[in-house]
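Encoded as structure tokens, the structure appears first; notes follow it.
Start at 1 and go down the list; that is how both ligands and their atoms are numbered.
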Amino acid sequence: MTDAGESRPNVPRGRFGFDHVPETDGSFENALAKARAGERLTVDDGVELLTTGTGSPGIDRERKECVLEAADRRRAEVVGEEVTFVANLNNNVTTACNTGCLFCNFKDRSEQFRSANDEDHGGFTKRPAESREIVREAVERGIYEVTSVSGLHPAFALDDEHRALLESSDRDDLNYRPPAEYDVDPGTYCEQIEAMSVDGVHVHSMTPEEAYHGRRGTEWSYEEVYGRLQAAGLDSVPGTAAEILVDEVRDVICPGKIGTDEWLEAMEAAANVGLDVTATIMYGHVENEMHRVLHLKRIRELQERTGAITEFVPLSFVHQETPLYEEGMVEAGATTDEDELLIAVSRLFLDNIEHIQSSWVKYGDEQGLKMLSCGADDFMGTILSEEITRRAGGEFGQVRSFDEYVEMIDAIGRVPVERSTDYRQRRRIDPDDGPHGPELGPEADGTPLVDPEWLDDAAGATSADD
Ligand code: SF4
């Protein structure tokens, strides 16, 4: 072992009594040889690569570079030199939520939103008409996609039929209250989707957790729920709310959320009705490397069954201002070494998913760019507003112009490409031919997406999930 890197102070090997621990019967050398040869990796292989060898503590920097290099080579083989991004808007409908996930500071207790409560909660709820106006303006500016992930507002129902069922139920465990009890009525999920579906813009919304909320109290299948949402205008589903797909971790960080099997069931159902999906991992909190690789295995298996996952999005836990940090359950998020290895092992392990995203919102510009040489090939979206990460103490900005994207990607010698959400449309951008703007959105004509004046407005706007 040479040059031992920084190890996380909070990696638990026993604190939470986890059954899964990063121990294997394999070796780093063997796992690296398999990765270089393009062989399918086992869970043990993944753990050996993520830990740079379980036989020694900490990260071995020399070994880490070997893993990054193998992932970068694989990226070049699979997707070439293009770096993609999408012109998108985040329009999140409400911060009202009772779920109480310990890693989240996006939500505001829904009690505070009730008309009977005078407390100033600082959160927001948008009516469908407000969502429509926000999306309409962004579509006119040239966006291709609107992403919408919200808190689980108790007044939300899937549609009128669902509301009638919730209203007539005498169960008190359904996390439901009538809209009349709140200052602002968010309408139904279907009304919000319909409202955001402006001029054929791509609507990316309704995580498995939101779909669960949209069927509570019923026997409806997830196919039924996603089918109704699709009819209302839903185009694809964000695979957030995944966190770590191992129940012993979920029991610690998000005990109010659906379990691993239900998350997978909902995603498979979305795929069954013909919706594309993305998949995420949120790592760097209480979990260990075995949990991370078990998560990757579940995602790889889901893709084997569906073929519907367009991209994998690693999300590094932003710890500041979250209950996990404030209650002393974690001391920090993942280290940079861990971030780089997670991107690289995602590329190597997920041999059936083409695109791995680097999130500049989570990593920042410089490190976000670095991730593009660790196995990632997608650089996210313009995100006309970003609320969730910012509320959780994230330092990195709210909006990214096409010119910035082109300059950054060109600077690392790669090819900037505007893409559609599903990657089926791609447009290579000539860096010398600026100024640059989106051309794929329903009303995009190449005009730059943002101008300085509008950036000022956007800074005051709200909006995004884990
Ligand atoms: S992560 Fe989502 S479900 Fe959990 S508390 Fe935050 S907004 Fe609510």
For ligand 1, which atoms sit closer than 4.0 Å to a heavy atom of K257?
-> 1 (S), 3 (S), 4 (Fe)
For the pair H153 and F113, name the ring-plane relationship: parallel under 30°, tilted 30 to 60°, perpendicular over 60°.
-> perpendicular
What do we get for C101 next to ligand 1 when only non-hydrogen atoms under 4.0 Å count, side chain, backbone, both or neither?
-> both
Going by the atom numbers of ligand 1, which of them fall below 4.0 Å from some non-hydrogen atom of G100?
-> 5 (S)
Take atom CG of D120 as the centre, draw a 6.0 Å sphere, and report whether it contains more than 12 heavy atoms from other residues, nucleotides or ligands.
-> no
Inter-residue atom distance E418.CD - L449.CG, 0.5 Å rounding | 9.5 Å
Give a yes/no on ligand 1: does C254 have at least one heavy atom closer than 4.0 angstrom to it?
-> no
Relative to the heavy atoms of F103, which atoms of ligand 1 are at a distance of less than 4.0 Å?
-> 1 (S)
Return yes when at least one N/O/S atom of C104 is nearer than 2.8 Å to atom 8 (Fe) of ligand 1, and no when none is.
-> no
Give me the ring orientation class for F156 and Y189: parallel if the planes are under 30° apart, tilted from 30 to 60°, perpendicular past 60°.
-> parallel
Would E262 and T260 count as having a side-chain donor-acceptor pair, cut-off 3.5 Å?
-> no
